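Throughout, residue positions are numbered sequentially from 1 according to the sequence presented. As the structure is a prediction and not an experimental result, all values here were calculated from the model.
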Amino acid sequence: MLPLFEKARGLRLTETETSILQWLEAHPAEAARMNLSALCAELYTSNATIVRFCQKLGLSGFNDFKYQLRRELQQSEASFFYADTYVDRAIARLEDTVASLDLRQLEEITELLTSGRPLYIYGTNLSALPARYLQIVLNSLDYPSILIEWRNLLNGLVSNMREDAILLVISAKGNAERYLQAFQEARKRGLTTILLTCSAESPLIPYGTIAVCTSDQREEFNNTDVNPRLGFFTVIQILIELAAEKKKPGGDTKKV
């Protein structure tokens with residue numbers, strides 16, 4: 001039995017979830033290729049029911065489930081999924097990120113980014129890439145912002161920012177204690193903070209004003225961070241397009 005199904009067998013499942021599991025166990029290769037709508041039609045159940053089943057397994061959604069299933073099939077040599085494994089995983093994570101996004105929350109963030117208030121964007125190492133991209137495009141749209149790429153500078157600036165300042169921090173690290181002091185100080189001073197992370201358990205979330213969590217997964221190779229941050233770039237691209245829309249004739253010009 002595949003570890004994924006063995007884990008499911010150890011959970012308290014509803015009658016419907018048990019039926020889902022039985023079908024998946026009988027058709028693992030087919031399930032690994034299906035989209036969510038097709039599986040719902042096959043099982044005569046709803047998207048939400050299947051997603052809840054996947055989340056009981058500790059996964060972000062059905063696409064994440066398919067990736068795990070494909071990997072286990074590959075490891076058991078029970079499937080032909082080999083060369084495309086990493087592409088499948090990236091697509092699965094990206095699809096789960098898109099499915100989890102809250103458009104109203106992104107619109108709220110866009111209002112903050114385009115409000116004319118002092119805006120600081122922080123990202124270091126690989127997270128500096130999406131941070132720099134956002135900062136460059138916002139500046140080109142005449143929404144001024146300052147890019148910070150050095151943690152010690154971040155800590156110093158938080159203590160001296162104007163009270164109406166906005167701080168957007170991009171951090172893929174699950175262990176974000178090194179930024180905790182900055183977030184605590186920002187909250188103490190009443191600053192508006194936006195966190196873009198891929199760790200739903202980040203200790204920074206309780207101290208932030210708004211948090212967006214993507215399905216990017218922390219990955220390392222030879223002690224090198226190789227997290228592609230595709231979810232980060234997706235969120236940032238949506239924010240950029242929303243900000244650009246405000247520049248069009250008749251675009252929303254509300255200020256927060």
Subject >> Nearest non-hydrogen partners of P28 and F5, listed with the distance >> reply: CB-CE1, 4.2 Å

Original post:
What distance separates K246 NZ from L242 CG, expressed to the nearest 0.5 Å?
Top reply: 9.5 Å

**OP:** Flag yes if more than 12 heavy atoms outside Q181 fall under 6.0 Å of its CD atom; otherwise flag no.
**Re:** no

**OP:** Run the numbers on Q135 and N139 for side chain to side chain contact (heavy atoms under 4.5 Å, CB included), then give the verdict.
**Re:** CA-CA 6 Å; Q135 190 256 353; N139 283 355; 2.9 Å; yes

Subject >> Separation between CG of N35 and CG of N63, rounded to the nearest 0.5 Å >> reply: 9.0 Å

**OP:** May I ask you to check whether D64 and S215 show a side-chain donor-acceptor distance below 3.5 Å?
**Re:** no

**OP:** Go through K248 and E245 one step at a time and tell me if the salt bridge (Lys or Arg N to Asp or Glu O under 4.0 Å) criterion holds.
**Re:** CA-CA 5 Å; K248 295 180 179 180; E245 188 69 23; 3.2 Å; yes

Original post:
Can L106 be reached from L138 by stepping across I, L, V, M, F, W or Y side chains whose heavy atoms are under 4.5 Å apart?
Top reply: yes

**OP:** Check the hydrophobic clustering (I, L, V, M, F, W, Y; side-chain heavy atoms under 4.5 Å; chains of links allowed) and say if V98 and L239 are grouped together.
**Re:** no

Subject >> Electrostatic pair E17-R52, nearest N-O below 4.0 angstrom >> reply: no

Original post:
Going by heavy atoms in the side chains, are Y133 and I240 under 4.5 Å from each other?
Top reply: yes

Original post:
Under a single-linkage definition using a 4.5 Å side-chain heavy-atom cutoff for Ile, Leu, Val, Met, Phe, Trp and Tyr, are L129 and I136 assigned to the same hydrophobic cluster?
Top reply: no

Original post:
Between D164 and R162, does at least one N-O distance fall below 4.0 Å, as a salt bridge requires?
Top reply: yes

**OP:** Over all heavy atoms of both residues, which pair between S60 and Q55 is shortest? Give the atoms and the distance, please.
**Re:** O-NE2, 3.9 Å

Original post:
Which atom pair, heavy atoms only, marks the closest approach of C40 to I50?
Top reply: SG-CD1, 3.6 Å

**OP:** Report yes or no: do V137 and I109 belong to one cluster of Ile/Leu/Val/Met/Phe/Trp/Tyr joined by side chain heavy-atom distances under 4.5 Å?
**Re:** yes

**OP:** Would you mind reporting whether R151 and T124 have side-chain heavy atoms less than 4.5 Å apart?
**Re:** no

**OP:** Taking the side chain as every heavy atom from C-beta outward, state whether M34 and K66 have any pair of such atoms under 4.5 Å apart.
**Re:** no

**OP:** Evaluate the criterion side chain to side chain contact (heavy atoms under 4.5 Å, CB included) for residue pair Y143 and S115; output intermediate values, then yes/no.
**Re:** CA-CA 8 Å; Y143 297 121; S115 64; over 6 Å; no

Original post:
Given side chains that start at C-beta, do those of E30 and W23 come closer than 4.5 Å, heavy atoms only?
Top reply: yes

Subject >> Where C198 and C213 come nearest, the two heavy atoms and their spacing >> reply: C-SG, 3.8 Å

Original post:
Would you say the side chain of Y67 lies within less than 4.5 Å of the side chain of L59, judging by non-hydrogen atoms?
Top reply: no

Original post:
Do L112 and T209 pass the side chain to side chain contact (heavy atoms under 4.5 Å, CB included) test, and can you show the C-alpha distance, the side-chain angles, and the key distance before you say yes or no?
Top reply: CA-CA 11 Å; L112 290 169; T209 307; 5.8 Å; no

Subject >> Electrostatic pair E6-R9, nearest N-O below 4.0 angstrom >> reply: no

**OP:** Before giving the answer on side chain to side chain contact (heavy atoms under 4.5 Å, CB included), spell out for H27 and E42 the whole-Å C-alpha distance, their side-chain angles and the decisive distance to 0.1 Å.
**Re:** CA-CA 11 Å; H27 309 87; E42 178 69 32; over 6 Å; no

**OP:** Look up atom OG1 in T14 and atom CG in L21, then write down how far apart they are to the nearest 0.5 Å.
**Re:** 10.5 Å

Original post:
Where is the tightest heavy-atom contact between L141 and K247, given as atom of each residue plus distance?
Top reply: O-CE, 2.7 Å

**OP:** State the SG-CG distance between C54 and L36, to the nearest 0.5 angstrom.
**Re:** 8.0 Å

**OP:** State whether a side-chain donor-acceptor pair under 3.5 Å links E72 with Q68.
**Re:** no

Original post:
For T214 and R229, what are the C-alpha separation, side-chain angles and deciding distance, and is it a side-chain hydrogen bond (donor to acceptor under 3.5 Å, both in side chains)?
Top reply: CA-CA 9 Å; T214 73; R229 293 163 171 77; over 6 Å; no

**OP:** Kindly give the cluster partners of F183, where membership spreads through any ILVMFWY side chain lying under 4.5 Å from a current member.
**Re:** Y120, Y122, I146, I148, W150, L153, L154, L157, V158, M161, L167, V169, Y179, L180, L191, L195, L204, I205, Y207

Subject >> T193 side chain to R187 side chain, donor-acceptor N/O pair below 3.5 angstrom >> reply: no

Original post:
Can S19 and T16 be counted as having a side-chain donor-acceptor contact under 3.5 angstrom?
Top reply: no

**OP:** Indicate if L11 and M1 have the same hydrophobic cluster label, given that clusters are the connected sets of ILVMFWY residues with side-chain heavy-atom separations under 4.5 angstrom.
**Re:** yes

Original post:
Nearest 0.5 Å, what's the CG-CD1 distance between L13 and I20?
Top reply: 9.0 Å

**OP:** Enter the distance from E107:CD to D102:CG here, rounded to the nearest 0.5 Å.
**Re:** 9.0 Å

**OP:** Please report the closest heavy-atom contact between T197 and S202, naming both atoms and the distance.
**Re:** OG1-CB, 4.4 Å

Subject >> Donor-acceptor contact present, side-chain S100 to main-chain T97, <3.5 Å >> reply: yes

Original post:
Side-chain contact, heavy-atom cut-off 4.5 Å: L24 with F53?
Top reply: yes

